[in-house]
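When reading the values below, keep in mind they use all heavy atoms of this one structure, side chains included, and skip hydrogens, waters and symmetry mates.
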Amino acid sequence: LLRDGGPGRYVVQEVLAARDLPPALAAFRAASRARGALAVLEHFDCVYSVLHHFQTAGTAVKEDALELMMHVVSHHSNELPAVLSDSGLSHADRAAHLNALKMNCYLLTGLMDAFEMETCKNNCLEADPGRKNRKNHAKTSGSLWEEEREPLLRLLTQLLQLDLRQLWGGLVVEEEFVSLMTGSCYRILENPSIGLQRYRLTREAVTHLLAAALVHCDRMFSATLKITQMLQHFEHVAPVFAQAVSLWAKEYGLKSLVGELLREIGQKCPQDLAREASGVKGYATFISELAEQIPTLVLSNMSVLLPHLDGESYTMRNAILAAMAEVLVQVLNGDQLEEAARGTRDKFLDMLQAHVCDVHSFVRSRVLQLFTRIVQCKALPLTHFQAVVSLAVGRLKDKSVLVVKNAVQLLAAFLSNNPFSSKLSWTDLDEPLKKEVQKLKEMRDRSRPTAAPVIAPEEEWEAMLPEVRAATQQLFQPLQEGEEEVLEVEETVEKTVEQITGLLKKLNYKSAARLTQKALCRFQGKEPFMGPAEGNEEATILGVLKRLYTGSCPGENSEDPPHDNSSDKTEVVQEEQPQTELVKQEMLVHYLQDAYNFSVKITEALNLISKMMYENSVSVVQEAIEFFVTVSQFGVPQALLGVRRMLPLIWSKEPGIKEAVLNAYRQLYLNPSKESERAKAQALVHSLPLIMVDASLGTIQCLEEIISEFVQKDEIKPAVTQLLWERFTEKSPCSSLERHAAVMLLGMMARGKPEIIGTNLDILVTMGLSEKACVDYRLPQEVCNVISKLASNPKPALEKNSAPFRLPQNHMLFGCLSETVSKGFAQPSSHWIPFMEAAVTLIYQLAEGAEEICADILHVCSQQALEKLQEADEQKADAGDSPRRDSDGSGSLSTFLLLHLVALVGQVALQQVAYLEVSVSAELRRRRLLKEEKTKKQSDTSTKKQRPQGTGNETTMEEELGLVGATADDTEAELIRSICETELLDGKHLLSAFVPLVLKICNNPGLHSDSALSAAAALTLGKLCMISSEFCESHLRLLFTMMEKSPLPDVRSNLIIAAGDLAIRFPNLVEPWTSHLYARLQDPCPSVRQTAGLVMAHLILKDMVKVKGQVSEMATLLIDPEEAIVAVAQNFFGELANKGNAVYNLLPDIISHLSDPNSGTEEESFHTIMRHLFSYITKDKQTESLVEKLCQRFRTARTERQYRDLSHCLALLPVSERGLHKLQDNYDCFADKLQDPAVYNCFQTVLARFRRAGVKPETKALAEELEQKLSASHNRGLDSTETCQDGSQTPMPAPAKRKPIGSSRRRPLSPANSDNDFATPPSRILRNHKRAQKRPPRKKAIITFSSDEENNSEDELLTELREEETPTKTTPITRSSARRRR
């Protein structure tokens, strides 16, 4: 406008200075009052100058200009209808109004653009956190514009809705004029904050203004281009335009615009979209949101978008699939669809199902989400139900956590919205399905006789034969060309047979014969087209046709004879009712079959999802827990296994998982759909015991933790407690198992509130220890466990030094316990020993003078045993004629008595030690602290009286008090130790009387054939060893000899547990025998291996045994055939990985031992172990160090198997850039080994994984260089090998022989070993001294890492227990976890 643009163009005469703008605007205002909108013809330069100086002009001037132009354009808009309707308007007036309109709109839109740009700039500054005084700056700029923007847009919309074409002489409105309006709209939409809720009215105003431009000014093409451009460059406008386009299509009838926009997006190059991430997001959001709002129009234009489903951009694939899902939910839903719509629906569903297996995990997870929505909206037809369920079950094995999580959600949605039943037990559905299938078969059989009489196929063939023969003879005459071309033999014999029989039934004999002739040539020698090699061709064809017709006719006739369809109307009326019933029965069978298949699939999913509960992803674990809650509500029987499996998660360190478990049990058990409190309590008491059926001790402890949490939060109502007491006291009728479960639940609740038991202790004793209850001793045992909750109260005491809770020695409880134990001693019951152990434990926990009570019990029981022995001797004396038989009888009689006596001795011994070490020690310390506190108060009182004296010796006095406390601790510990060492097993103490008996049973396993007695004696020996270090040292050889040589697995398991306890109590004594403990990890019995694994894991994690050297034995448990043992090993290494660099420090040692040819580890097994162990190597420094160590290890490896093992370990490491440099630096170590294809492939795997991770250009060059060197060395090695083989015939080194797994990994028991094998190993100091004397080194067969001697970092775990670290103070142990093996 500042330059001359030619004739008919306006040129600005003068750009006013900023200081002249206010008077000029005032003059324009005055002129507008006089001339109206035409005043702009003389005052255009004034407002143009405001635009020119907009950056520097004052806010007041700019706002005045905006208000003035709004007023002028509004006035002009009101005048224009009269002007346009004036037919006598002169050409000059029309031109004046046209020019004024252009000028006014130009100035107004220019001010709008300027204000909008300034607002955007201020918003960016406001978002800058380093900007000061943001609020003040924002206030000065856009306060008026925020208020006036929407009225301005409405004003322009009103203007465009007028028939402005008359100003242009009836022609189309000038394009530049409309672009002024729409350009301002698009500029407003470019503001990132336009999507906020507070600008909703502004968005609507822009939408209506653009709609007016589209409708009245035909701006379809330019709008399409502009919208697609903005979607590409401004991601935030996609939802705005989706809403606008749907509004234009619904209210303004602009449906063609939807097609144009989707066509424009569909024509974009998929390769370009894959490169432009920002543009793709805009398009994708637009498509998916548009499909939500106008799915019908998107459906009609879906074909233009389908090419992008095969493109590289996963975002576009997601958007198009989401659009399909919306169409399926909103449009193609229901049973009343037409045939074409059903076809489209099925195609869309097939496409969605295909992308469940998409290459990109985001697409797979998105499709599963879409299917979840489809299922929840009940838009999935039953025909696709099973297919989608199968796909969802398959995705449970996906590598992506997101996919697995969405697969679980989809299966939960399937359950919640299934059309079959509220109870989905496949076992319950199996019987009805079989019954209804049988009924359907009977109905079909009954319907067959009502049809027309069936003619035998042979009779029909005889009737047809003349015509068939005539048609066959025509084959050997000249045929017409058309007939020859029509018939072609199918690809398979089955399809050809079907084609020929179809032609015969249609009475088209000539074609059937011709096709048979061709088939005889094509399928020569195949059934049924077999005939004599030399013979009449006509007879051969007729023979084949007869075989085909008579073979297929019965099945066809019995199903639905075609000629009966129009037989007789009366027959049709009679058959209509049975046919309707038959159809209904077929539908019922189909329904039951679908329900059965669905239930089977859900059961299959349960097994997979139950394994996910211990994944690393918190969200997957939470989804799995929620899924099992849903499954339980639908009555799937296997759901209880999952509900029980989630119990250990209550100990999870993740608060989200722990809360999910509590919520799951809250939904399943605390919130049943019952009305009264009593009914809810009954439902809880009935359902919770189901979890405890055949449950392990760990499961019971987990359930106890959950119930105690609920009790502490007062979520379990008093009605539940009342009902449990009623069951226990038999006021409410129940079975013995239910009564037992009620006691267990009361004990679990007592952990949260001990007063539940404390207030009813008398009832527990009188009812639980009565003669009626002591029939099988299981209820009394549980009563003892419940009462013991009073001793193990987790709540802190009110007084720090308050006395522990104990009952007097003459309390009714201990009298009943003593009597019950003594009475049961002489009765052969398998449940007496567990009850006795619980009773003795309870006595030592709660009784004052517990050792006296137990001594009395031991005395009474041993007296009973002696009396029985005397009776047996008298019987022997009386019956002298058959002493051997009586002896056998008395032996069998005394076996269970010996068993009971030995078990009682062991339990009393162990609990006596625990009592001294824990209870007595704590009581001594409590009393000493009270005495010291009292003495201190007295000394404080005396010092106050003698205040004037100096305070120089106060600190010394405090130090002396501290020293006195420490010395007192040692004195008390020494007192307890001396009692254990010198008193408990000396001749005066009762326990010493039974030691010879226990030793005799252990030393003479052949004397007593009863396995339970041997197991009990072994366990008692271990318990007696816990008392005294002197006794332990003298009998360790016997203990480990039995552990090694005993043929009884229970004895070996018990002794492993005992040895584990001894390793904690007397670590220096057991340390020389550690190798015998490790040896049990290869025991032939799975239960012994599992016990050994648990014990060794516990000792290693507690740093009680040396871990280096034999930890590879723990690693071999990862390939054990038993899943439970594998789980023990996995749990061990998982816990070990949490201890700093422990796994990293042990890996070289494990690799050295397992890759040794003498270890006997199979190559595939080695790979399995390494895959698991290397998953714990996550730090870059660890990876780099291992790369270097493994490379250097190639120099000392001796066999090809070791080369392959080392290269496989390298392939498992996620090599970084620095790791690649390490490979390059140590290339010479493995260059000569690359001729082996397995070694070469492993290095190729390392490089391929490195490239996939995305690397820098310079690093990529290094990788390519290394790859070329690898390839050259590999090819050179192959060439030299061929040369050797062809020329000099130099023999290659023979590969190491592989040992079979069974013979190497599982060592059989060896009772033939000499006693020298079990000589007590020398102590570590002596061994070290002897080792120092024997200096000549010998070559090791085991691989060792040359870099192992490097100094480790400070945070690395030191796993070897050094001499100075050996505990000098023996620590007590309570054997609550040790299980008796019988």
State plainly whether the residues [X] and [Y] are in salt-bridge range, i.e. N to O under 4.0 Å.
X: Lys1222; Y: Glu1184; answer: no
X: Arg1089; Y: Glu1122; answer: no
X: Arg1218; Y: Asp1180; answer: no

Main chain of [Y], side chain of [X]: is a donor-acceptor contact present, judged purely on distance under 3.5 Å?
X: Ser1271; Y: Glu1267; result: no
X: Arg317; Y: Gly311; result: yes
X: His1172; Y: Thr1168; result: no
X: Lys405; Y: Glu623; result: no
X: Asn1131; Y: Ala1127; result: no

Q | Partner residues of Arg1195 under the salt bridge (Lys or Arg N to Asp or Glu O under 4.0 Å) criterion, sequence neighbours left out | A |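 Residues passing salt bridge (Lys or Arg N to Asp or Glu O under 4.0 Å) with Arg1195: none at all.
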Q: Mind checking the OH-CG spacing from Tyr1176 to Leu1147? Nearest 0.5 Å is all I need.
A: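 Those atoms lie 11.0 Å apart.
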Q. Minimum heavy-atom separation for Val404 to Asp398, with atom names?
A.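 Taking every non-hydrogen atom into account, CG2-O, 3.4 Å.
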Q | Given Gln1202, His1208, Arg1201, the one that forms side chain to side chain donor-acceptor pair (under 3.5 Å) with Asp1205 | A |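 Testing each of Gln1202, His1208, Arg1201 against Asp1205, the sole residue satisfying side chain to side chain donor-acceptor pair (under 3.5 Å) is Arg1201.
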Q) For Tyr1227, is the NZ or CZ atom of Lys1269 found under 6.0 angstrom from the centre of its six-membered ring and inside 45 degrees of the ring axis? A)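 Cation-pi check for Lys1269 and Tyr1227: passes.
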Q) On the ring face of Phe1194, is Lys1233 found with NZ or CZ under 6.0 Å from the centre and within 45° of the axis? A)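 No, Lys1233 does not sit over the ring of Phe1194.
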